Amino acid sequence: MDIQTICVHGCDKHYDTTGAVAVPIFASATFAHPGVGQSTGFDYSRSLNPTREYLEHTIAKLEGGNHALAFSSGMAATTVLMELFEPGNHIVASDDLYGGTYRLFSNISQKNGIKFSYADSLEGIKSAITPSTKAVFLETPTNPMMRTTDIAEVAKITQERGVLLIVDNTFLTPYFQRPLTMGADIVLHSGTKYLGGHNDTLAGLLVVKSDALNERLHFIAKTIGACLSPFDSFLIIRGIKTLAIRMEREQETAKALVQWLEGKNKVAKVYYCGMGGMISFSVKDEQTAIKILEKVKVIKYAESLGGVESLITYPMLQTHADMPESERNARGIDSRLLRLSVGLESVKDLIADLEQAFGSLA
Ligand SMILES: *Cc1c(COP(=O)(O)O)cnc(C)c1O
């Protein structure tokens, strides 16, 4: 079945007999047992809830995985993931990570005894792996610099060394990239972004192929309790129905905007990975960056990405504010860098908005 169809129809689970076309929101914390020692399959919603399960099956199917878990945010999913590791374990991560992930690693996971190395190339990853390395954590393309890594090549290394390969697939979604089919072990999503797609709810997802890994993660998930509510699960299911068409259209608009930005002499450099709806660009000075942020009207100056509304972000002050300045500068995340999440507005209106924001510069 094509991915467009899976997006619309989700998984094949049915929980009711009414023929409801949309999955019901099972707003129940607990489930009655038919007899002693018996269960309908559902006992308590922290462990399993039908609406959330439907979402979990759907994302597993989209990513080519066998199991998935849904959490109250992307960071909740990553926090659960980190509980797979023990003090002394070492993780090699992309050196241009989502700021919140970097904050988790450097403030919480590190305090809990997990060690990190950051690498920016295949060679870098290879040489950073030590006998205590348990996982490689990749973001591709990276945020906000849009650098890409060949997942299949990294998978060769991780499989040879017997370490887990974790890929944050938030930016491209299974519509453009399916890491599990390229040898990754775990896919992570901030469902807040493209999967939900409407800037109206937070969610996080983990997807795996392995039964054993799923069992360990499910145990941690139900123990920690950062699960996604039935209402929010419903919103993500609804968002996914239009994922394919949104990704296509946002990519088309992004490509037109990349071309437009490249023709602007106030733009020093455009970063685009060739796919999807995320663009970063560097302008000639800080003053120009600030004026653009203050003058855009259709495009909102706000954190986050992947929704129907176009958003412009100042990574230095927003997503990457907690990264030390020297680390930020080394990655090119400076006062001239802006990040644009392209939404579903008409390309004409977006260009006109940017044109007036650029044109209004003194
Ligand atoms: C937003 C984001 C996260 C964190 O997800 P939340 O839903 O905001 O907790 C993780 N990774 C990437 C790439 C993100 O963009």
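All ligand and atom numbering here is 1-based and tracks the order in the structure. In this text, all values refer to a predicted model and were calculated from it rather than measured experimentally.
The closest approach between Ala76 and ligand 1 stays at or above 4.0 Å for every heavy atom of the residue. Residue contact check for ligand 1: Leu188 places no non-hydrogen atom closer than 4.0 Å to it.
A salt bridge links Arg147 with Asp95: the distance from a Lys NZ or Arg NE/NH1/NH2 to an Asp or Glu carboxylate oxygen falls below 4.0 Å.
Tracing side-chain contacts under 4.5 Å through hydrophobic residues (I, L, V, M, F, W, Y), one never reaches Val92 starting from Leu164; they form parts of separate clusters.
Every atom of ligand 1 is numbered from 1 in the order shown, and the set under 4.0 Å from a heavy atom of Gly74 is 5 (O), 6 (P), 7 (O), 9 (O). Annotation for ligand 1: atoms under 4.0 Å from non-hydrogen atoms of Leu305 are 15 (O). For ligand 1, the atoms sitting less than 4.0 Å from at least one non-hydrogen atom of Ala203 are 7 (O), numbered in the order shown with element in parentheses.
The N/O atoms of Leu202, backbone and side chain alike, include none that comes under 3.5 Å of an N/O atom in ligand 1. Inclusion of Asn143 in the set of residues having an N or O under 3.5 Å from an N or O of ligand 1 is not warranted.
Among all non-hydrogen protein atoms, the one lying nearest atom 13 (C) of ligand 1 is Asp168 OD2, 3.3 Å. Nearest to atom 4 (C) of ligand 1 among the protein's heavy atoms is Tyr98 CE2, 3.4 Å. At the top of the distance list for atom 9 (O) of ligand 1, counting protein heavy atoms only, stands Met75 N, 2.9 Å. Atom 2 (C) of ligand 1 has Lys193 NZ, 2.5 Å as its closest protein atom, hydrogens excluded (heavy atom only). Atom 7 (O) of ligand 1 has as its closest protein heavy atom Thr192 OG1, 2.6 Å.
Exactly one residue among Val154, Asp168, Asn169 makes a side chain to side chain contact (heavy atoms under 4.5 Å, CB included) with Leu138. That residue is Val154.
A donor-acceptor distance shorter than 3.5 angstrom exists from the side chain of Glu56 to the backbone of Ala70, with no hydrogens or angles considered.
When only modelled atom types and interatomic distance are considered, Gln110 and Asn107 share no side-chain donor-acceptor pair under 3.5 Å. Inspection of the His90 and Thr133 side chains reveals an N or O donor paired with an N or O acceptor under 3.5 Å.
Between Tyr118 and Tyr102, the two ring planes are tilted [angle within 30° to 60°]. Taking the six-membered ring where the residue is Trp, Phe358 and Trp260 present perpendicular rings, their angle passing 60° and hence far from 30°.
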